[in-house]
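This report concerns only the one structure given below.
Here is the naming used below: chain letters follow the sequence lines, and residue numbers restart at 1 for every chain.
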Number of protein chains: 2
Amino acid sequence: MKAPGSTTAVAGATGTSPSEGGERKSINPELWYGCAGPLVSLPPVGSLVVYFPQGHSEQVAATMQKDVDVQIPNYPNLPWKMICLLHNVTLHADPETDEVYAQMTLQPVNTNDKEAFLASDLSPKTNRLQTDFFCKTLTASDTSTHGGFSVPRRAAEKIFPPLDFSMQPPAQELQARDLHDNVWTFRHIYRGQPKRHLLTTGWSLFVSGKRLLAGDSVLFIRDEKQQLLLGIRRANRQPTNISSSVLSSDSMQIGILAAAAHAYANHSPFTVFYNPRASPSEFVIPLAKYNKAIYSHQITLGMRFRMMFETEESGT
Amino acid sequence: MKAPGSTTAVAGATGTSPSEGGERKSINPELWYGCAGPLVSLPPVGSLVVYFPQGHSEQVAATMQKDVDVQIPNYPNLPWKMICLLHNVTLHADPETDEVYAQMTLQPVNTNDKEAFLASDLSPKTNRLQTDFFCKTLTASDTSTHGGFSVPRRAAEKIFPPLDFSMQPPAQELQARDLHDNVWTFRHIYRGQPKRHLLTTGWSLFVSGKRLLAGDSVLFIRDEKQQLLLGIRRANRQPTNISSSVLSSDSMQIGILAAAAHAYANHSPFTVFYNPRASPSEFVIPLAKYNKAIYSHQITLGMRFRMMFETEESGT
DNA sequence: TTGTCGGCCCTTGGCCGACAA
DNA sequence: TTGTCGGCCAAGGGCCGACAA
């Protein structure tokens, strides 16, 4: 029953100094959620969640394009699900690609006390991204060097500051910040026959700087301070395929399970990364959501259910 | 007592289908070693090596810019060094950055039999990179869009096909293959006052394609088939800082140790990645080299010695 | 011997409305 | 309403020798 504000859900992200991610300032939560897409939500800090080691393992395997047929040592003390307290959530964005991901600190808790179920029941409705925004998939003309960016009429009127129509043609300079707090400047002009909104000067620098291609999307948000935020969502291309030069995927699989087992045995905190746009399934979900699904036998959880039942059948 | 040839040392690299690395064709070993730099050598396939789990852990920590102050669970069955048979070596290059790295399959062996010491004594002199090559650090003019690449006179005469000096000016087209078997085409011309060798048309595409900056180096090799190979060595900039969006560095550390412990217990093969240009210390060295250093008390191994002794003192 | 620069040409970037989907 | 195109101009890419380090 708190005042609305999407920032409360990720309070842990603000004010923390950079850990391993690399970005200096904190990530704007609205923009992060915008770039992550409408289906993504993170459990609130301080709440109870369910962590699935195997689901986590599957995300990493998918990221590395690796089959999960590896012979992995048994972790007899590692359950197929772990009830955890979500201590901290830090939002990140890859400085090279702007890919968004989240870092979560989890601590296993005792499941004996039924308090968990009760405490988790205050439905964590994260009413996020109430602010005005628009998202457009880039056309060939938008990404070509030949011209600028054609702004959909409704979008320009809703999001951008109003133009001074006494000018001929009406035009202004726009400033927008991306996830890394870099400022991009565009010339916004209303011209042509028929009249339309365009971004011209500055647009090509953005396209080449972010290495955008036709099919990718851009996202403009006007926040409560009337400032513009600017993000991107790349089309689903092939997985970037990097990151295999450090650790073998076998070691990564083992590392996930061993880290989880160690944390479970000691009730000590551990850290996971959640990559919303690369992951086929979530592996950290609110306990309330999980209980609701279990007790009502809903199938809405989809893949997670398949995974859970498979694990139930094959597990000891 | 085999015929010379640097390819024998990495026979496992040729003909294997791509595993997780991503490159389709096999990496040219001469070019790989050239890009890795003169200090790097890999133990021959089939030989015995010493593997240091902690050294491996330190490389990954350094790659991720992470202090190694993490509380890591004990692996009581994991020794501080493991004698292993080197089953396979596969050379890789990052498709984005051309960063070279090697994938090694190791299998722990019994150290009881003193045969190990004997077998490892046939000094594995890998007489690599006997072929002609030159390496030049790029100047501001070389990387500027204003002009081309100034080829040092000796280098051009030694490596490039001879020009037809009856032409005015003498010029030819050069083709060179990079680590990914991409062909780059350059116009090689001998002109100016005083006369000098230059690469003009095609050069700027290479510079922008590889994202080269002044201070980086390029490497031209003429192989035994008189074909040109082309590689790069980037200046030591800040670590790329990527790769932390998949797995926490804690999990990586644990994964390394757990994977090694599992392999040690079962005498089963495991896989490691060795990144010669990012690593402060080697963690897989020939057994012969190790024995020689131990028994003669040489200090030439440098950091590895520090690490080994530290581990000896603190370990049980 | 070779790094940088001014000169000069020409490709490409980039802003415009026309036109059609 | 908006995606693509031809026209047109300007900025920068890129080849040249001059000159000096």
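Side chain of B:I189, nearest nucleotide from D:dC16, D:dG3, C:dT4: D:dC16.
The stretch residues 150-176 of chain B touches DNA chain C through B:S150, B:P152, B:R153, each having a heavy atom within less than 4.0 Å of the strand. Within a heavy-atom distance below 4.0 Å of DNA chain C, the residues of residues 191-202 of chain B found are B:P194, B:K195, B:R196.
B:R234 places a side-chain N or O within 3.5 Å of a backbone atom of B:T97 that can act as its donor or acceptor partner.
Classification of A:D132 and A:R222 as a salt-bridged pair holds, one side-chain N sitting under 4.0 Å from a carboxylate O.
No close placement of the B:F149 and B:F206 rings is indicated, their centers lying 6.0 Å or farther apart.
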Working for side-chain contact (heavy atoms from CB on, under 4.5 Å), residues A:W184 and A:N182:
CA-CA 7 Å; A:W184 299 88; A:N182 296 323; 4.1 Å; yes
Please report the C-alpha distance between B:D98 and B:K210 in whole Å, then the side-chain angles of each, then the deciding distance to 0.1 Å, and finally whether the salt bridge (Lys or Arg N to Asp or Glu O under 4.0 Å) criterion is met.
CA-CA 8 Å; B:D98 278 22; B:K210 299 296 188 187; 2.9 Å; yes
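Using a 4.5 Å heavy-atom cutoff, the side chains of B:L219 and B:F133 are in contact.
Checking C:dA21 for Watson-Crick or G-U wobble geometry (two distances, each under 3.5 Å) identifies D:dT1 as its partner. When Watson-Crick and G-U wobble pairs are counted only if both distances are under 3.5 Å, C:dC8 pairs with D:dG14.
Remark: of the listed residues B:T137, B:T143, B:D142, B:D142 is the sole one forming a side chain to side chain donor-acceptor pair (under 3.5 Å) with B:T139.
Remark: P of C:dC5 and CG of B:D142 are 13 Å apart, rounded to the nearest angstrom. Atom CG of B:L205 is separated from atom C1' of D:dG12 by 15 Å (rounded to the nearest Å). One can place NE2 of B:H146 at 11 Å from C1' of D:dG12, the figure rounded to the nearest angstrom. Atom CZ of A:F149 is separated from atom P of C:dC15 by 14 Å (rounded to the nearest Å). The interatomic distance linking A:F134 (CZ) with D:dT1 (P) rounds to 15 Å, in whole Å.
Contact annotation: B:S204 side-chain N/O to D:dG14 OP1/OP2 distance is under 4.0 Å. In this structure, B:K136 does not reach the C:dT1 phosphate: none of its side-chain N or O atoms is under 4.0 Å from OP1 or OP2. For C:dT4, one of the phosphate oxygens OP1 or OP2 lies less than 4.0 angstrom from a side-chain nitrogen or oxygen of B:T139.
Using bins of under 30°, 30° to 60° and over 60° for the plane-to-plane angle, the ring pair A:H197/A:Y190 lands in the tilted bin.
Contacts of A:S141 with the nucleic acid, taken as non-hydrogen atoms under 4.0 Å apart, include base atoms.
Between A:A140 and A:Y190, the residue whose closest nucleotide on DNA chain D is further toward the 5' end is A:Y190.
If you check the side chains of B:H92 and B:Q103, you find a donor sitting under 3.5 Å from an acceptor.
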